Amino acid sequence: MFPPSPRPRVGTGSHHVECTQEQVRQLRGPVSVRGELRGVKEKRIAEFQSLLSEPHINLKVLRELCFNGIPFEGGIRCLCWKVLLNYLPRDRSLWDTVLQKQRETYAHFLREMIIQPGIAKVKFGVSREDVTLEDHPLNPNPDSQWNTYFKDNEVLLQIDKDVRRLCPDFSFFLNPTDYPCQLIMDPENEYETLRKRVEQTTLKSQTVARNRSGVTNVSSPLKSSASNSVGDYDPLPNGSEAHWEVVERILFIYAKLNPGIAYVQGMNEIVGPIYYTFATNPKSDWKEHAEADTFFCFTNLMAEIRDNFIKSLDDSQCGITSKMESVYSTLKEEDEELYLKLQEQNIKPQFFTFRWLTLLLSQEFVLPDVIRIWDSLFADEKRFDFLLMVSCAMLILIRNQLLEGDFTINMRLLQVAIHIEIHSFGDRADAQRYRRSDHGTISSKRCGPRSHGIFTPAQSTSA
């Protein structure tokens with residue numbers, strides 16, 4: 001009879017403990033899992049790099065890869081977003097030309113729109129006088145440059161108030177950018193920053209607040225509600241500017257170029273995650289141009305969702321009302337019991353889905369999770385149908401609470417941020433999407449191991 005094998009020992013020297021084989025496996029398991037996950041991650045990065053290095057990018061394959069999450073490493077996410085948002089063409093040979101042209105165009109916008117009348121230098125090709133007989137600050141003519149300047153101030157003040165409280169749980173937007181706009185910040189020229197323009201104006205932001213929602217406030221309790229005034233921030237050194245100032249400039253230029261919609265509260269929540277993603281690009285040559293690249297990607301995205309911000313279109317076929325009602329029609333097909341409960345309590349989708357759909361869930365989750373959700377949203381060819389399914393999945397995941405609650409409890413539950421781990425509704429939303437698809441675009445097989453869900457937190461998004 002052989003003696004029993006000695007138990008494995010854990011420790012070094014004279015200090016050790018004896019472990020059973022099961023305990024050893026438990027100790028070794030996490031290491032093994034981490035190794036496997038590392039291998040999967042490296043394989044995915046290699047797949048992205050291989051695809052993005054091809055002369056002509058296969059957009060269908062790129063969507064399939066991106067839907068299950070985009071790696072942060074090597075600036076892959078930034079590059080994929082630029083392709084998915086139609087900023088970069090699929091033909092790689094055109095990238096340098098497109099980027100140079102677009103960035104020069106944005107520099108032109110800066111020269112034309114971020115200057116106060118009367119301070120531009122002749123060397124930049126713009127010459128104006130502060131006050132003339134024909135144009136002066138008291139001129140009531142709608143075409144007066146001074147009148148336009150004062151109207152722009154109203155828009156600027158609302159933008160300024162919103163961007164200063166952008167993602168208050170992260171310090172990123174309060175930090176100075178590594179690449180301040182030299183055209184504006186260069187001490188040799190006389191261009192003023194928008195921050196100084198706000199400080200110098202006598203208008204009060206409270207008098208120009210423009211609330212687009214009507215039914216519900218687009219601000220979320222998930223965000224800090226403390227309003228920040230101009231004086232709440234420590235001044236940065238000369239020649240420096242904070243990231244929120246860059247976002248402010250992007251939104252102001254967009255408002256100037258799109259007077260029909262201008263700026264509506266909530267747009268800051270759309271541009272914020274895009275700028276954050278580009279401004280944290282590990283590749284400095286791309287990071288340097290985060291402002292211009294963000295502007296054009298934001299503009300392209302707004303071209304798809306701008307109808308949601310135009311109140312006069314609310315009840316049209318392309319308006320936000322029909323989209324909100326689609327959430328309930330989807331819910332009725334997926335969970336009729338829950339749908340009937342909400343109908344019985346007269347809880348309309350307008351009471352809570354307005355913010356979800358208009359802001360693309362950017363206020364329902366923390367920034368890293370928002371970025372991860374947007375990987376899938378941008379990758380989906382029918383991205384806004386998928387957004388409806390995600391919204392429906394969020395409701396189903398809290399169905400037990402909703403079925404047990406009365407009107408007051410359910411309204412409170414739906415109008416505050418729903419605290420759900422994003423991986424918990426990823427599979428559910430994708431299952432709905434797959435059942436409704438014609439199987440002609442993106443296969444459900446690309447979603448990887450079903451046990452992990454399609455939504456895993458974004459990588460390297462610390463602020």
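Here the structure is a predicted model, which is why all the values come from computation and not from measurement.
Across every non-hydrogen atom of Phe278 and Cys78, the tightest pair is CE2-O, 3.7 Å. Across every non-hydrogen atom of Ile57 and Leu51, the tightest pair is CG1-O, 4.0 Å. Considering every non-hydrogen atom in both Trp374 and Ser362, the closest pair reads CZ2-CB, 4.0 Å. Taking every heavy atom of both residues into account, Leu166 and Glu269 meet most closely at CD1-OE1, 3.8 Å. Residues Leu357 and Val327 come closest through the heavy atom pair CD1-CG2, 4.0 Å. Nearest heavy atoms, Cys297 versus Ile274: CB-CG2, 4.3 Å.
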>> Applying side-chain contact (heavy atoms from CB on, under 4.5 Å) to Ile253 and Phe109, what does each step give before you reach the verdict?
In response: CA-CA 7 Å; Ile253 292 177; Phe109 293 157; 3.9 Å; yes
>> Apply side-chain contact (heavy atoms from CB on, under 4.5 Å) to residues Leu99 and His289 and explain how you reach the verdict.
In response: CA-CA 9 Å; Leu99 290 172; His289 300 284; over 6 Å; no
>> Checking Ile70 against Leu65 for the side-chain contact (heavy atoms from CB on, under 4.5 Å) test, could you report, in this order, the C-alpha distance in whole Å, the side-chain angles of both residues, the deciding distance, and whether it holds?
In response: CA-CA 7 Å; Ile70 308 174; Leu65 282 176; over 6 Å; no
>> Using the rule given for side-chain contact (heavy atoms from CB on, under 4.5 Å), can you reason through Cys181 versus Val246, listing the C-alpha separation, both sets of side-chain angles and the distance that settles it, and then say yes or no?
In response: CA-CA 8 Å; Cys181 180; Val246 180; over 6 Å; no
> Would Asn258 and Tyr263 satisfy side-chain hydrogen bond (donor to acceptor under 3.5 Å, both in side chains), going step by step from the backbone distance to the final call?
Replying inline: CA-CA 8 Å; Asn258 297 271; Tyr263 172 77; over 6 Å; no
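A 4.5 Å side-chain heavy-atom check between Asn68 and Arg44 finds at least one atom pair inside the cut-off. A 4.5 Å side-chain heavy-atom check between Val264 and Ile310 finds every atom pair outside the cut-off. Here the side chains of Phe309 and Ile320 are not in contact, with every heavy-atom distance at 4.5 Å or above. Within the 4.5 Å cutoff, the side chain of Leu367 has heavy atoms near those of the Pro273 side chain. Side-chain contact between Phe352 and Leu395: present, with at least one pair of heavy atoms (C-beta onward) separated by less than 4.5 Å. The closest side-chain heavy-atom distance from Leu301 to Ile270 is below 4.5 Å. Considering only heavy atoms from C-beta on, Phe67 comes within 4.5 Å of Phe386 through its side chain. Using a 4.5 Å heavy-atom threshold, the side chains of Tyr275 and Phe298 count as separate.
Distance check: Leu174 CG to Arg165 CZ gives 13.5 Å after rounding to the nearest 0.5 Å. To the nearest 0.5 Å, the span separating CG on Leu377 from CZ on Arg372 amounts to 11.0 Å. Note: Tyr339 OH to Arg399 CZ = 15.5 Å, rounded to the nearest 0.5 Å. With values rounded to the nearest 0.5 angstrom, Leu110 atom CG is found 11.5 Å from Phe252 atom CZ. Between atom NZ of residue Lys287 and atom CG of residue Asn281 there is a gap of 8.5 Å, rounded to the nearest 0.5 Å. Distance check, rounded to the nearest 0.5 Å: CH2 of Trp356 to SG of Cys392 gives 9.5 Å.
The side-chain contact (heavy atoms from CB on, under 4.5 Å) test with Met267 singles out one residue from Asp162, Ile261, Val247, and that residue is Ile261.
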Can you give me every donor-acceptor pair (side chain of residues 79-90, partner residue at least two apart or in another chain, under 3.5 Å) with its distance?
residue: Trp81; atom: NE1; partner: Asp375; partner atom: OD1; Å: 2.9
residue: Lys82; atom: NZ; partner: Asp293; partner atom: OD2; Å: 3.2
residue: Tyr87; atom: OH; partner: Asp293; partner atom: OD1; Å: 2.7

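The residues Arg383 and Glu304 are annotated as salt-bridged, a charged nitrogen and a carboxylate oxygen being separated by less than 4.0 angstrom. Classification of Asp380 and Arg63 as a salt-bridged pair fails, no side-chain N sitting under 4.0 Å from a carboxylate O. Salt bridge annotation for Glu73-Lys41: present, with a cationic side-chain nitrogen under 4.0 angstrom from a carboxylate oxygen. Ion pairing between a basic and an acidic side chain is recognised when a charged N comes within 4.0 Å of a carboxylate O; Glu241 and Arg249 show such pairing. Using a 4.0 Å cut-off between a side-chain N of Lys or Arg and a carboxylate O of Asp or Glu, Arg355 and Glu364 qualify as a salt bridge.
Within the 3.5 Å criterion, the main-chain N or O of Ala292 finds no donor-acceptor partner in the side chain of Arg103. Formation of a donor-acceptor pair under 3.5 Å by the Glu245 side chain with backbone atoms of Ala242 is found in this model. Judged by distance alone, with hydrogens and angles left aside, the side-chain atoms of Ser50 form no donor-acceptor pair with the main-chain N or O of Glu47 at under 3.5 Å. Judged by distance alone, the side chain of Gln415 and the main-chain N or O of Phe351 form a donor-acceptor pair under 3.5 Å.
Between Glu54 and Asn58, the side chains place no donor N or O within less than 3.5 Å of an acceptor N or O (distance only, hydrogens not considered).
Ring planes of Phe172 and His243: parallel class, angle under 30° (limits at 30 and 60°). A perpendicular orientation is assigned to the rings of Trp286 and Trp95, their planes being inclined by more than 60° (bins at 30° and 60°).
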